[in-house]
Number of protein chains: 2
Amino acid sequence: MKSRVSAYDVARKAGVSQSTVSRVLNNFPHIKEGTKKKVLAAIEELGFTRDEIARSLAEKKTRTIGLIIGDITNPFFAESAGVIMGKAAELEYDVIICNTNHQDDNLEKSIKMLIGKRVDGIIIAAVNRYSKKIKELYEAQFPVVLYNSSIEGNHANFIVLDNEKGAYIAVKHLVELGHRNIAYISGPSKFLTLHQRDIGYKKALGEYGIPYNQRLIYDREFSYREIYQFAYKLLCSKDKPTSFFVTSDQMALAILDAAANHNLEVPKDVSVIGFDDINISSNQYIGLTTISQKKETMASLALEKLLLLIEGKGSISMPIQVVLEPKLIIRKTTGRAN
Amino acid sequence: MKSRVSAYDVARKAGVSQSTVSRVLNNFPHIKEGTKKKVLAAIEELGFTRDEIARSLAEKKTRTIGLIIGDITNPFFAESAGVIMGKAAELEYDVIICNTNHQDDNLEKSIKMLIGKRVDGIIIAAVNRYSKKIKELYEAQFPVVLYNSSIEGNHANFIVLDNEKGAYIAVKHLVELGHRNIAYISGPSKFLTLHQRDIGYKKALGEYGIPYNQRLIYDREFSYREIYQFAYKLLCSKDKPTSFFVTSDQMALAILDAAANHNLEVPKDVSVIGFDDINISSNQYIGLTTISQKKETMASLALEKLLLLIEGKGSISMPIQVVLEPKLIIRKTTGRAN
DNA sequence: CTGTTAGCGCGTTCAC
DNA sequence: GTGAACGCGCTAACAG
């Protein structure tokens, strides 16, 4: 691989100083047309590309943000990442994505790595609500915005959905269709969003006088396999649930999978409602009823606010905390209980 | 935000020189136990993290690779990215992902940006087969491996599936089920992989004496909407196809969507076979018959080979070119023609 | 308008 | 074993 050409090489070729090259690179005003032309020509001829690493070092800015997600394989995260990356690219920011697979130590590792790489800010989706690290970053005024997640005490900037309400309207929808035996597939309550949904679930049950039944609750790790099996077994049992409220569309698909393998018809035999509204849910072959997370809005806002923190350092009144309204989207996986 | 602590700060605190700090950071042998302890203590106390940007500049290595994908919203790319990121993390490499939305100018932009960021190498999925840029990089010996794609003339390192064969066995499967009216949903043939699948499609038709019918072919841009509408219209027509061979599972889902909105039953009224075997295809609620791209293998190999190129600079015999065998996975969206 | 000079925070000789 | 000094390629004053 041929060795790189530097701004200094360009300078020599154009017969100017290296700082002049830097100036044309950065579009400084008041450069004589002639020299600018010469420099541009030399750049073109030598195929020069500026070394962003050196620039970052000198400028103490990397024009790069970090994005930490729980699982890129989950379309909710992938699609969110897509909009963030799109917006970022428009604004000339690059993004480094880290996958935590929902594990706390990976979160810490990712943060450390991103800090080492001197990213200008970080968007984090899926954090343990007890995370000390997040709080530290917040207190150190390092630009971080939490995406659909938050921590205990709310010492953080975040954009979230009203998760309690989302769960509430989901369950309410099922109840109004006549369901009383409602399974709830969630995940570890160390995630504040899930904890809030737990509350919404219980609240809806309570309001309609439906007893809370631990047997119908899944609150362990996110695992397609485990959730599939949990649902499968539940569907084998006598007094099986007539409906499932699932905390992500991806896992709702696992329930549909289990139901299909049971030869159960949806929604005739079982109703399923998800959460997220990932793209595929609107596919009419699937038609998953769900609660929209408004990922477009949430993701755009997250990036926007992060850049505000990055660029307007200090002048921003922290914390930035936005709560969006959930929306019930009725499709074909929910129907009357029989 | 409190200003960063540098190796120099650590040095002062420990009463040693900055180069000594550097030495312990990099685990040099022959450091007196005492001074090592002191330095480590100072690092701990000050909460020092090394500046990877400065390190990269000095070392001329970033321990970062670029990954350019067509569309993170397509699970095939997201899932591939997932395995690449996982392996990379294990090997202490970071990855910067770029989304091109399948547009050539974005490819060029992404490459330029990654080169600017001094990545050590790049994995590229989805390239225009006429791309000059890729060839240039190859000739300049810059570490690049193409992921399930290649360019005209094969002047590149790549890991691909035998796409022609994949298409061939897909169509053969349909023919053997009695289908003769087989629609083919593809994309721009500027992508070599698609071009090869075109050949496979035609070959299978030819072998069974089925005439090629342009009316049944979609070869424009990847667009859920457009493909959906194309399929929808086709399904309205008299002499409508009894089956679809679709060049990606994601788009196969679009066909299922269109069929569902036509109240057509799958596979009774229409058969659909995809390509990729994304995770959701194995969901029994969907059960998409497809051709496996072996993304786990392909992605692992791509990363492995890239690191070989990066770390074994020069000593590797180029080009690295691997062709994997496709595999037909029969599920429930294909059945006998009626 | 442009050149000179001094860092940015590390890794890396080369002496001692 | 360890420190001093230089360089990676660029931006940012400061002169002129």
Side-chain angles (χ1 to χ4, degrees), chain A residues 1-40 42-43 46-64 92 112-113 115-120, chain B residues 1-40 42-43 46-64 112-120:
Chain A
M1 183 186 155
K2 62 173 182 259
S3 81
R4 297 192 37 75
V5 354
S6 73
Y8 183 72
D9 299 329
V10 175
R12 263 197 325 201
K13 175 132 220 151
V16 298
S17 78
Q18 181 263 318
S19 40
T20 299
V21 174
S22 176
R23 288 190 183 101
V24 341
L25 243 31
N26 295 302
N27 280 312
F28 273 47
H30 315 308
I31 306 179
K32 224 199 314 185
E33 265 310 304
T35 71
K36 186 167 182 174
K37 282 249 186 312
K38 277 191 297 182
V39 172
L40 257 16
I43 288 178
L46 267 40
F48 165 82
T49 345
R50 129 169 94 205
D51 188 326
E52 296 290 343
I53 294 289
R55 175 147 99 130
S56 296
L57 183 61
E59 261 201 318
K60 292 163 168 266
K61 282 202 61 184
T62 54
R63 289 176 188 72
T64 302
E92 312 249 278
K112 193 163 176 190
M113 177 233 118
I115 297 286
K117 274 246 184 317
R118 291 295 100 92
V119 295
D120 297 337
Chain B
M1 182 187 156
K2 61 172 182 260
S3 81
R4 297 193 37 76
V5 353
S6 75
Y8 183 72
D9 299 328
V10 174
R12 264 198 324 199
K13 175 132 221 154
V16 298
S17 78
Q18 178 262 316
S19 34
T20 299
V21 174
S22 177
R23 288 190 183 103
V24 342
L25 244 29
N26 294 303
N27 281 312
F28 274 46
H30 314 310
I31 307 178
K32 221 197 316 182
E33 265 310 305
T35 70
K36 185 166 183 175
K37 281 248 186 313
K38 277 191 298 183
V39 172
L40 257 17
I43 287 178
L46 268 40
F48 165 83
T49 346
R50 135 168 84 200
D51 188 326
E52 296 291 342
I53 293 290
R55 175 147 100 130
S56 296
L57 182 60
E59 260 203 318
K60 292 165 170 266
K61 282 201 60 182
T62 54
R63 290 175 188 72
T64 302
K112 193 163 175 191
M113 178 232 119
L114 291 171
I115 298 284
K117 274 243 184 319
R118 293 294 102 95
V119 295
D120 297 337

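What you see is a predicted model, and the numbers here were worked out from it, not measured in a lab. Letters go in sequence order (proteins before strands), and every chain restarts at 1.
Relative to the side chain of B:Ser6, the nucleotides C:dG9, D:dC10, D:dT11 differ in distance, and C:dG9 lies closest. Distance from the side chain of B:Arg50 is smallest for C:dG11 among the nucleotides D:dG1, D:dT11, C:dG11. Closest to the side chain of B:Phe28, from the set C:dT12, C:dC10, D:dG9, is C:dT12.
Considering only heavy atoms from C-beta on, A:Ser56 stays 4.5 Å or farther from A:Ile53 through its side chain.
Residues of residues 11-25 of chain A that place a heavy atom closer than 4.0 Å to DNA chain D, in numerical order, are A:Gln18, A:Ser19, A:Ser22, A:Arg23.
Distance check: B:Lys112 NZ to A:Thr49 OG1 gives 6.5 Å after rounding to the nearest 0.5 Å. If you take CZ on A:Arg118 and CG on A:Leu57, they are separated by 10.0 Å, rounding to the nearest 0.5 Å. The CG atom of A:Leu25 lies 7.5 Å from the CZ atom of A:Arg55; values are rounded to the nearest 0.5 Å.
In this structure, NZ of A:Lys60 is placed 17 Å from C1' of D:dG9, rounded to the nearest angstrom. Between the CD1 atom of A:Ile43 and the P atom of D:dC10 there is a distance of 10 Å, rounded to whole Å. We find that NZ of B:Lys61 is positioned 11 Å from P of C:dT12, with the value rounded to whole Å. The NZ atom of B:Lys36 sits 13 Å away from the P atom of D:dG1 (whole-angstrom rounding). With rounding to whole Å, B:Arg63 atom CZ is found 14 Å from C:dC10 atom P. Protein atom CD of A:Glu52 is 19 Å distant from nucleotide atom P of D:dC8, rounded to whole Å. Atom CG of B:Asp9 is separated from atom P of C:dC10 by 9 Å (rounded to the nearest Å). Whole-Å rounding puts the A:Glu59 CD to C:dA6 P distance at 21 Å.
Counting all heavy atoms, side chain and backbone alike, B:Ala7 lies closest to B:Val21 at O-CG2, 3.8 Å.
Each of B:Leu57 and B:Lys32 has a nearest nucleotide on DNA chain D; the 5'-most of these lies closest to B:Lys32.
Evaluation of the salt bridge (Lys or Arg N to Asp or Glu O under 4.0 Å) test over residues 19-36 of chain B, restricted to residues two or more places apart or in two chains, returns B:Glu33-B:Lys37.
A donor-acceptor pair is defined here as one N or O able to donate and one able to accept, closer than 3.5 Å; no such pair exists between the side chain of A:Asn26 and the backbone of A:Phe28.
Among the atoms of the strands shown, only primed sugar atoms or phosphate atoms (P, OP1, OP2) are found under 4.0 Å from some heavy atom of A:Thr35. Within the 4.0 angstrom heavy-atom criterion, only backbone atoms of the sugar-phosphate kind lie near A:Ile31; the bases stay farther away.
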